[in-house]
Amino acid sequence: MKRLTFFTLSLMLSLQLLNAQAKKPSIMVVPSDLWCNQNGYVLTFENYGGSTTIPDYKKALQTNDQLVYVIAKLGSLMADRGFPLNTLESALARIEETTARNLVMTSKSGASIKENPIDLLNRQARADILMKVTWSVKKNGPKNYVTYVLQAVDPYTGKQVAGAEGVGVPSMSASIDVLIEEAVLTNMDNFCARLQSHFDDLFANGREVAMDIQVWDDATLDLETEFGGKELAEIIDDWIAENTVEHRYSKAEGSETYARYDQMRIALYTPQGKPQDAESFVRQLRTYLRKTFEIECKVVPDGLGHCYLMIGGK
Amino acid sequence: MKIRLFLLFMSVAMATMAQKTVGIDWSYSVKCAGVTPNGDYMVEVECVGRKVDVAMDHAKESAVYDVLFKGINGSVAGCTTQRAIVSDPSALEAHLDYFKKFFDKKKGSYSMYVLDINGSQPQITKVSGGYSINVTLIVLKDKLRMLMEKEQIVRGLSSGF
């Protein structure tokens with residue numbers, strides 16, 4: 001009886017793993033920095049003697065009906081293709097709600113919620129792919145026309161993975177809203193075709209991820225510490241070469257306390273058949289370092305495509 | 001004997017060629033004419049046929065064929081070049097039986113994906129051996145793409161996730 005139960009459970013698990021789907025990237029439409037700057041939706045603050053400007057998405061969403069329309073239109077076109085988007089408006093509302101809730105929430109004993117600075121830093125409008133949209137209305141004599149740019153950017157690698165751009169037909173009679181709608185519709189198929197090529201590449205060659213390796217300041221070792229005649233940096237390098245798809249990776253930076261790996265192509269599934277992202281890939285590296293060299297590390301996830309590995313403790 | 005062998009070779013070669021196409025053997029041109037308010041493609045098609053209704057069928061078939069396999073050139077002012085829905089060049093040959101049925105003159109369903117524009121009259125010109133027509137049509141590219149995804153000829157954006 002026990003054998004039969006074990007066999008049935010194993011079979012169910014195997015079937016479940018066979019049906020496992022790759023982790024779906026989240027996509028969000030945001031106005032580009034250029035559009036925010038051109039239309040005055042920016043916040044400027046002093047930063048180490050200089051001034052830094054960041055987009056003010058909340059103000060833009062509350063006051064610009066064209067932006068709301070463009071985001072809604074892109075969202076419905078993507079939903080028609082079976083890929084619903086995360087909306088910027090709800091992401092911003094969720095952040096505010098979580099922050100407010102965390103401030104007032106207490107346990108029965110009166111304890112408040114524990115948050116570290118990383119939790120606060122992570123609480124921002126994030127997605128695995130950002131669709132950055134820019135448009136501007138221009139005049140040619142009495143006629144208006146619209147220039148339009150849509151870029152899909154992978155925030156982990158900084159690469160543009162899809163894009164479409166165009167200049168609309170000048171018109172005297174059509175309203176600005178109609179011209180913007182036409183620009184969105186005309187460029188959507190080419191944009192989706194390029195995004196599809198990106199996904200096809202991901203399925204064929206693995207997910208492209210990045211990893212930053214850092215050392216705690218109280219650690220007794222660094223990336224130049226030797227184990228069996230090899231520096232820790234070399235050991236990590238060898239492991240990455242061994243475990244990336246067709247050994248595709250590049251080391252962008254490296255010192256005794258810091259290393260950055262990017263363009264790492266990782267398989268979409270772990271050896272056990274589970275969907276894999278940057279975090280689960282780096283966890284395997286952590287396990288290897290702990291089991292083989294007794295090095296304690298901490299994995300700090302940062303979305304589907306980026307992760308930190310902190311050397312020398314939890 | 002040599003002539004017989006030559007004729008046999010030619011007939012085999014022609015039969016093989018015919019098997020690799022969906023039967024579009026007339027000359028035509030498809031140009032971009034804009035997009036509809038819901039994003040479908042408007043195209044201007046010029047082609048010929050023995051009769052006006054045959055030429056009209058040819059125009060519709062050509063429009064659907066180009067949207068599927070060739071894409072629409074955006075060289076006309078105000079138009080954007082649109083990629084083909086079926087981007088894999090080997091897909092036509094790989095799914096030839098399906099596409100032969102799809103473009104079948106009598107039972108093919110291609111005509112469900114192309115519409116006349118209300119009130120638009122085709123320009124008809126008598127030419128030697130038939131008629132040449134110039135007509136603006138709407139190709140329902142979203143429905144066409146969904147059909148290709150359903151038939152697993154192209155992948156959808158969410159396939160595999």
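Below, chains carry the letters A, B, ... as their sequence lines are ordered, and counting in each starts from 1.
- With contacts defined as side-chain heavy-atom distances shorter than 4.5 Å, the pair Asp80(A)/Met146(B) does not qualify.
- Dense packing is recorded around NZ of Lys126(B), with more than 12 heavy atoms of other residues, nucleotides or ligands lying under 6.0 Å away.
- Crowding of Lys143(B) atom NZ: a count of heavy atoms from other residues, nucleotides or ligands under 6.0 Å not exceeding 12.
- Summarising the geometry, atom CG belonging to Asp200(A) is positioned 7.5 Å from atom OG belonging to Ser87(B); distances are rounded to the nearest 0.5 Å.
- Counting non-hydrogen atoms of other residues, nucleotides and ligands closer than 6.0 Å to OH of Tyr110(B) gives a total above 12.
- Here the straight-line distance linking atom CZ of Phe199(A) with atom CZ of Phe161(B) works out to 4.5 Å at 0.5 Å rounding.
- Around the NZ atom of Lys105(B), the shell of radius 6.0 Å holds more than 12 heavy atoms that belong to other residues, nucleotides or ligands.
- Under the rule for a ring pair (Phe, Tyr, Trp, His ring centres under 6.0 Å), Phe191(A) has no partner lying at least two apart in sequence or in another chain.
- A distance-only check finds a donor-acceptor pair linking the side chain of Asn190(A) to the backbone of Arg83(B) [under 3.5 Å].
- Rounding to the nearest 0.5 Å gives a distance of 7.0 Å between SG of Cys192(A) and CZ of Arg145(B).
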Going by atom type alone, with no hydrogens or angles, which donor-acceptor pairs under 3.5 Å involve a side-chain atom of residues 171-188 of chain A and a protein atom two or more places apart or on another chain?
from, atom 1, to, atom 2, distance (Å)
Ser171(A), OG, Ser173(A), N, 3.3
Ser171(A), OG, Ala174(A), N, 3.0
Ser175(A), OG, Val178(A), N, 3.3
Glu181(A), OE2, Tyr69(A), OH, 3.0
Glu181(A), OE2, Lys73(A), NZ, 3.4
Thr186(A), OG1, Glu182(A), O, 2.5
Asn187(A), ND2, Ala183(A), O, 2.8

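- With a 4.5 angstrom heavy-atom cutoff, Asp40(B) does not touch chain A via any of its atoms.
- No more than 12 heavy atoms of other residues, nucleotides or ligands shown are found within 6.0 angstrom of NZ on Lys31(B).
- Rounding to the nearest 0.5 Å places CD1 of Ile72(B) at 11.0 Å from CG of Asp189(A).
- Looking at Thr36(B), the atoms closer than 4.5 Å to chain A (heavy atoms on both sides) all sit in the backbone: N, CA, C or O.
- Pairing each heavy atom of Arg81(A) with each of Leu157(B), the nearest pair is O-CB, 4.0 Å.
- Heavy-atom pairs under 4.5 Å with chain A were tallied for Gly34(B), Ser158(B), Gly39(B); the largest tally goes to Ser158(B).
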